[in-house]
Amino acid sequence: MDQGAAAHLTQPQPPGEKMRMGQQLLDKGAKMMQSLKPVKQISQHACSFALYAHDLSRQIETHHYVSRVNQDFLQCALYDSDASDAHLIGVEYIVSDEIFETLSPDEQKLWHSHAYEIKSGLFVQPRVPEMVAKPELQNLAKTYGKFWCAWQVDRGDKLPLGAPALMMSPQAADGGVVKEELVQKRDDKYNISTEAIKKSRVELEEPEWINPQADYWKLHDGKGFAVDIVGTEMKLRAPRFP
């Protein structure tokens, strides 16, 4: 058993019976007959870290399975590991700086920048040589992301419970620095050195300007965003007339 699979066994597992043979055969048959086109567009796996926007002390390792819609827009399925039974914990959308500047100020508050995450070596593409990854990293350093986490596995939830949580990117600021033990655990798993990767990325160009509306908490006295579920009047279907 590889280290990733072994580590994942310690994560909370959802309740339920093991998959039956009949279900396995059905799934394999469907896989052969159906196209699964959206899933097959996933072309990259990246590993990084994320912080809860309402509690920066809660930090998690994240695995991004990325599909590129066009040069300026990516969508990522987020998992808690790269094991075959990993939990799908959320989704992240990534846009270029050009698209980000078209968003309203209220919308921009929900997004985070990626420059520090890339330059610091926290964002890696496992088993892809740095020289191969650098052109993509150069582009990603100038992007912004919006990440919603629907399954808070770090608090032991065996199911995706409650409202989704907005997540933030690591930053070189108080509260935004990833815990050393998390980074070391990731480095040991992939046999890499985040510090060495950071040094190899010194020459990567940084964005000329990072919009201060992103990473909102940094310039607003540590104020973040939390999602709550509230009751509301349901909009009913319009009545039918004879």
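Here the structure is a predicted model, which means the values were calculated and not measured. Just so it is clear, the values below take in all heavy atoms, side chains as well, and ignore hydrogens, waters and symmetry mates.
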In short, ring-ring contact (aromatic ring centres under 6.0 Å, His included) pairs touching residues 121-149 with sequence neighbours left out are Phe100-Tyr144

Are Leu74 and Val91 co-members of a hydrophobic cluster defined by side-chain heavy atoms under 4.5 Å apart? no

Would you call the rings of His114 and His112 parallel, tilted or perpendicular, taking 30° and 60° as the class edges? perpendicular

Distance check, rounded to the nearest 0.5 Å: Asn211 atom CG versus Asp97 atom CG? 10.0 Å

Side-chain heavy atoms of Glu92 within contact of Gln75, under 4.5 Å: no

About how many Å separate CE of Met167 and SG of Cys149, when rounded to the nearest 0.5 Å? 5.0 Å

I'd like to know whether CD of Glu208 has more than 12 heavy-atom contacts from other residues, nucleotides or ligands below 6.0 angstrom. no

Crowding at NZ, Lys179 (>12 non-hydrogen neighbours, <6.0 Å): yes

Val227 and Pro164 have their tightest heavy-atom pair at CB-O, 3.3 Å

Shortest non-hydrogen contact between Trp217 and Ala173, atoms and distance: CH2-CB, 3.9 Å

List the atom pairs, donor and acceptor, that lie under 3.5 Å between side-chain atoms in residues 46-57 and the rest of the protein, sequence neighbours left out.
residue	atom	partner	partner atom	Å
Ser48	OG	Glu117	OE2	2.3
Tyr52	OH	Arg58	NH2	3.4
Tyr52	OH	Asp154	OD1	2.5
Asp55	OD1	Ser57	N	3.1
Asp55	OD1	Ser57	OG	2.5

Do other residues, nucleotides or ligands put more than 12 heavy atoms under 6.0 Å from Asn70 CG? yes

Taking all non-hydrogen atoms of both residues, which atom of Ala77 and which atom of Leu88 are closest, and how far apart? CB-CD1, 4.0 Å

Begin from the C-alpha positions of Leu110 and Leu166 and carry the test side-chain contact (heavy atoms from CB on, under 4.5 Å) through to its verdict. CA-CA 8 Å; Leu110 305 177; Leu166 184 66; 3.9 Å; yes

Close side-chain approach of Val124 and Ile197, heavy atoms under 4.5 Å: yes

Has the side chain of Arg201 got a donor or acceptor atom that lies under 3.5 Å from a matching backbone atom of Ile118? yes

Output the rest of the hydrophobic cluster of Leu161: all Ile, Leu, Val, Met, Phe, Trp and Tyr residues reachable through side-chain heavy-atom contacts under 4.5 Å, sorted by chain and number. Leu159

Linking I/L/V/M/F/W/Y whenever any side-chain heavy atoms sit under 4.5 Å apart, do Tyr116 and Leu204 land together? no

Are any non-hydrogen side-chain atoms of Trp111 and Val95 less than 4.5 angstrom apart? yes

If we ignore hydrogens and angles and just use 3.5 Å, is the side chain of Glu61 paired with the main-chain N or O of Ser81 as donor and acceptor? no

So, His45 versus His64, ring centres under 6.0 angstrom or not? no

Value for CG (Leu137) from NZ (Lys119), rounded to nearest 0.5 Å, stands at 11.0 Å

Tell me the ring-ring contact (aromatic ring centres under 6.0 Å, His included) pairs involving residues 167-189, sequence neighbours left out? none

Ile229 and Ala163: which non-hydrogen atoms are nearest, and at how many Å? CG1-CB, 3.8 Å

Let me confirm one number: the OG1-CD distance from Thr102 to Gln108, rounded to the nearest 0.5 Å. 8.0 Å

If you define the side chain from C-beta out and look only at heavy atoms, does anything of His63 sit under 4.5 Å from Asp80? no

Between the side chain of Arg186 and the main-chain N/O of Lys189, is any donor-acceptor distance below 3.5 Å? no

Cluster question for you: counting only ILVMFWY and a side-chain heavy-atom cut-off of under 4.5 Å, with indirect links fine, are Leu78 and Ile94 together? no

Check: Arg155 side chain, Asp157 main-chain N or O, donor-acceptor pair, under 3.5 Å: no

Any Glu203 side-chain heavy atom under 4.5 Å of Lys134 side chain: no

Go through the steps to decide whether Leu236 and Met234 satisfy the test side-chain contact (heavy atoms from CB on, under 4.5 Å), and finish with yes or no. CA-CA 6 Å; Leu236 301 177; Met234 184 184 296; 4.2 Å; yes

Might you point out which heavy atoms bring Pro170 and Leu122 nearest each other, and give the distance in Å? CB-CD1, 3.7 Å

One pair to check against side-chain contact (heavy atoms from CB on, under 4.5 Å): Tyr65 and Asp82. What are the steps and the verdict? CA-CA 9 Å; Tyr65 288 85; Asp82 60 357; 3.3 Å; yes

Those residues that, when tested against Lys146, pass side-chain hydrogen bond (donor to acceptor under 3.5 Å, both in side chains) (two or more places apart): Glu107

Taking the side chain as every heavy atom from C-beta outward, state whether Tyr190 and Ser193 have any pair of such atoms under 4.5 Å apart. no

Rounded to the nearest 0.5 Å, what's the gap from CD on Gln59 to CE on Met168? Could you check? 13.5 Å

What class does the angle between the rings of Phe225 and Tyr216 fall in, given that below 30° is parallel, 30 to 60° is tilted and above 60° is perpendicular? tilted

How far apart are the closest heavy atoms of Ile210 and Ser113, and which atoms are they? CG2-CB, 3.7 Å

Taking the side chain as C-beta and beyond, is there a heavy-atom pair between Lys158 and Val153 under 4.5 Å? no

Check Glu136 with Arg68, please: is the shortest side-chain N to carboxylate O separation under 4.0 Å? yes

Less than 3.5 Å apart, any donor N or O on the side chain of Glu205 or Gln138 sitting next to an acceptor on the other? no

For Glu98, what residues pass the side-chain contact (heavy atoms from CB on, under 4.5 Å) criterion, not counting sequence neighbours? Asp72, Ser96

Measuring only between side-chain heavy atoms, which start at C-beta, is Gln41 closer than 4.5 Å to Val39? no

